[in-house]
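In what follows, chains carry the letters A, B, and so on, assigned in the order in which the sequence lines appear, proteins first and then strands, with residues in each chain numbered from 1. The figures that follow rest on heavy atoms only: side chains count, while hydrogens, waters and symmetry mates do not.
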Amino acid sequence: MKLELRQVTKSFGSRNVLSGLDLQVHAGEVVSFIGSSGSGKTTLLRCVNLLEPIDDGAVLLDGDEISKIGRDPNPIRRRIGIVFQSFNLFPHMSVQRNITLALTQVLGKPADEAHQIAKSLLNRFGLVEKIDSYPDQLSGGQQQRVAIVRALAMNPEVLLLDEITSALDPELVGEVLDVVRELKGSGITMLIATHEMNFAQEISDRVCFLDGGRVAEQGHPKQLFSSPNDERTRQFLRRVNF
Amino acid sequence: MLDIKIFTWSTPAIIALALLLAIARSSRNPALFPVRIFVIAYIDIMRGVPVILWIYLIGFGVPGVGLERPFNSPLLWGSVALVLTYGAYIAEVFRAGIDSVHESQRAASRSLGLSNTQTMRFVILPQAIRRVVPPLMNDLVSLQKDVALVSLIGPIEILRQAGIDKAKFANFTPYVAAAIIFLLITIPLTRTTDYLLARERRRTSATRVR
């Protein structure tokens with residue numbers, strides 16, 4: 001099992017966001033999380049790469065409990081990349097520097113090697129002419145693709161995508177999703193929180209519907225979207241007109 | 001001329017001290033809690049008392065304990081007083097800059113595996129410093145004016161060397177009393193502002209990154 005969540009509980013003040021969530025993800029699997037706003041999709045992803053400390057339960061990566069209190073999160077975060085809804089590129093750095101910063105500072109790669117990695121990844125995703133641009137000079141879609149490249153450059157085993165198209169104009173969504181399509185099958189394990197039902201159905205090996213801080217229902221996208229077993233899933237899919 | 005000299009050597013020291021204080025105050029390591037408390041107390045005390053009082057207290061007070069030349073110069077200790085007070089003022093400017101960088105920047109940096117220190121150095125500080133340049137300039141202008149206060153105590157040094165050792169035996173009690181009264185007003189004021197700001201931030205921003 002690549003990634004495992006056991007009875008993960010997380011609350012913010014008096015609000016329980018995750019309440020005893022269980023999840024198992026195989027290596028190379030693409031799992032999407034759907035559910036209404038506040039159902040815990042984002043929190044789930046943030047707990048996986050330890051940006052949020054969990055209150056109870058355990059997160060395991062390759063069988064190793066990474067959520068233990070006092071454990072240095074940095075080596076673990078190198079193995080788990082995340083892409084945020086709001087891109088979160090560093091605005092004072094060029095595209096190249098955004099990508100190479102962690103390569104040189106965290107992985108200790110020499111500058112020219114880091115530059116090569118950045119260049120070839122940007123090339124792969126059609127962004128190489130933007131290498132010296134600054135984030136504010138790029139469109140939202142380009143910024144988000146750069147953010148994906150930045151996460152990929154670290155060569156993570158698991159990639160978390162947190163509603164990566166939610167802040168984009170509709171016509172820019174496609175170019176970002178194309179990047180994710182290309183990644184599927186490269187062996188990387190992906191956890192995707194999304195509102196794009198069509199995309200979730202197309203890309204996922206498995207879809208999880210979150211409700212009440214737990215996985216209310218999960219299954220193959222075809223099954224879950226066409227004949228959901230859980231009443232709450234049915235209601236949710238009706239609400240989003242899917 | 002003397003003003004310019006004092007200004008030139010004080011400014012780099014002030015900026016360095018201010019950055020150090022601001023970084024210490026913004027640290028999130030639980031182990032550094034005592035350091036944060038110390039820095040907060042330091043800033044409260046230095047900021048709560050008028051600069052002129054510190055210049056008197058340190059500029060005359062420290063040489064007054066009977067140091068040898070050249071370490072008994074009120075000019076030297078007056079500059080030290082300037083550095084200590086302005087360091088505290090400008091530390092708060094830097095802290096405001098650090099706080100103004102959105103939490104998501106820290107999240108992005110930490111998620112790439114950068115440590116807290118690296119995040120501060122490469123991601124937070126460069127953005128913070130850019131943002132506080134205008135208020136920083138503001139404070140440097142006031143500094144320039146307050147430098148005059150130090151150069152004023154220069155001639156008194158000559159008087160002392162002439163044998164009129166007034167500063168040495170001067171009664172400091174009124175100065176100290178004045179300082180304490182200032183602190184009684186400014187510290188509660190600062191704490192209340194901090195509390196209100198923290199409450200505001202809790203309400204309006206995403207959760208903090210560990």
Side-chain angles (χ1 to χ4, degrees), chain A residues 10-13 15 17 42-43 45-54 67 69-93 97-108 135 146-147 150-156 159-160 162 167, chain B residues 19 22-23 26-33 93-136 195-196 198-210:
Chain A
K10 173 75 188 174
S11 41
F12 295 106
R15 198 162 60 91
V17 180
T42 293
T43 305
L45 297 189
R46 289 173 70 95
C47 286
V48 167
N49 85 338
L50 312 177
L51 282 174
E52 299 286 357
I54 59 174
S67 56
I69 293 165
R71 225 182 130 156
D72 179 9
N74 296 332
I76 299 153
R77 290 188 180 133
R78 281 169 222 171
R79 301 169 57 193
I80 306 177
I82 185 165
V83 182
F84 301 90
Q85 177 176 354
S86 51
F87 329 140
N88 299 359
L89 293 174
F90 307 131
H92 59 299
M93 295 181 189
R97 184 77 175 130
N98 261 280
I99 299 166
T100 57
L101 176 70
L103 289 173
T104 51
Q105 297 302 327
V106 178
L107 300 182
V146 170
R150 181 174 71 176
L152 282 179
M154 298 295 283
N155 205 11
L159 188 62
L160 312 171
D162 183 13
Chain B
L19 259 183
I23 291 169
S26 305
S27 74
R28 296 189 177 177
N29 189 337
L32 292 180
F33 180 71
V93 174
F94 282 134
R95 181 171 73 105
I98 290 170
D99 285 351
S100 79
V101 178
H102 198 267
E103 192 69 9
S104 60
Q105 287 287 307
R106 199 180 287 262
S109 175
R110 298 304 309 275
S111 79
L112 289 166
L114 279 94
S115 68
N116 259 324
T117 314
Q118 289 171 323
T119 298
M120 186 57 87
R121 175 171 159 208
F122 296 111
V123 177
I124 309 293
L125 273 187
Q127 297 185 58
I129 291 173
R130 276 176 181 80
R131 284 179 205 183
V132 299
V133 167
L136 200 61
Y195 165 73
L196 292 174
R199 202 182 58 175
E200 176 68 16
R201 199 176 16 243
R202 268 201 305 281
R203 252 204 324 252
T204 56
S205 73
T207 51
R208 288 160 66 92
V209 174
R210 195 155 38 134

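Ranked by non-hydrogen atom pairs under 4.5 Å with chain A, the options B/A107, B/S109, B/P126 are led by B/A107. Interface check for chain B: of the options A/G81, A/P91, A/P75, the most heavy-atom pairs under 4.5 Å are formed by A/P91.
Closest approach of A/I99 and A/A153 over heavy atoms only: CG2-CB, 3.6 Å.
Contact of A/F84 with chain B is made through the side chain alone, with heavy-atom distances under 4.5 Å. For a residue to count as touching a neighbouring chain, one of its non-hydrogen atoms must lie under 4.5 Å from one of that chain's; by this rule A/R97 touches chain B with the side chain only. Using a 4.5 Å cut-off between heavy atoms, A/I80 contacts chain B through its backbone alone, with no side-chain atom that close. Residue A/I76: no heavy atom, backbone or side chain, is found under 4.5 Å from chain B. For B/Q105, the parts lying near chain A are the backbone and the side chain together; criterion is any non-hydrogen pair under 4.5 Å.
Proximity of a side-chain donor or acceptor of B/Q127 to a complementary backbone N or O of B/I98 within less than 3.5 Å is not detected. Using modelled atom types, no side-chain atom of A/R78 and backbone atom of A/L107 make a donor-acceptor pair closer than 3.5 Å. A donor-acceptor pair is defined here as one N or O able to donate and one able to accept, closer than 3.5 Å; such a pair exists between the side chain of B/Q118 and the backbone of A/Q105.
Judged by distance alone, the side chains of A/R79 and A/N49 never bring a donor and an acceptor atom under 3.5 Å apart.
Taking a cutoff of 4.0 Å between a charged side-chain nitrogen and a carboxylate oxygen, B/E103 and B/R28 qualify as a salt bridge.
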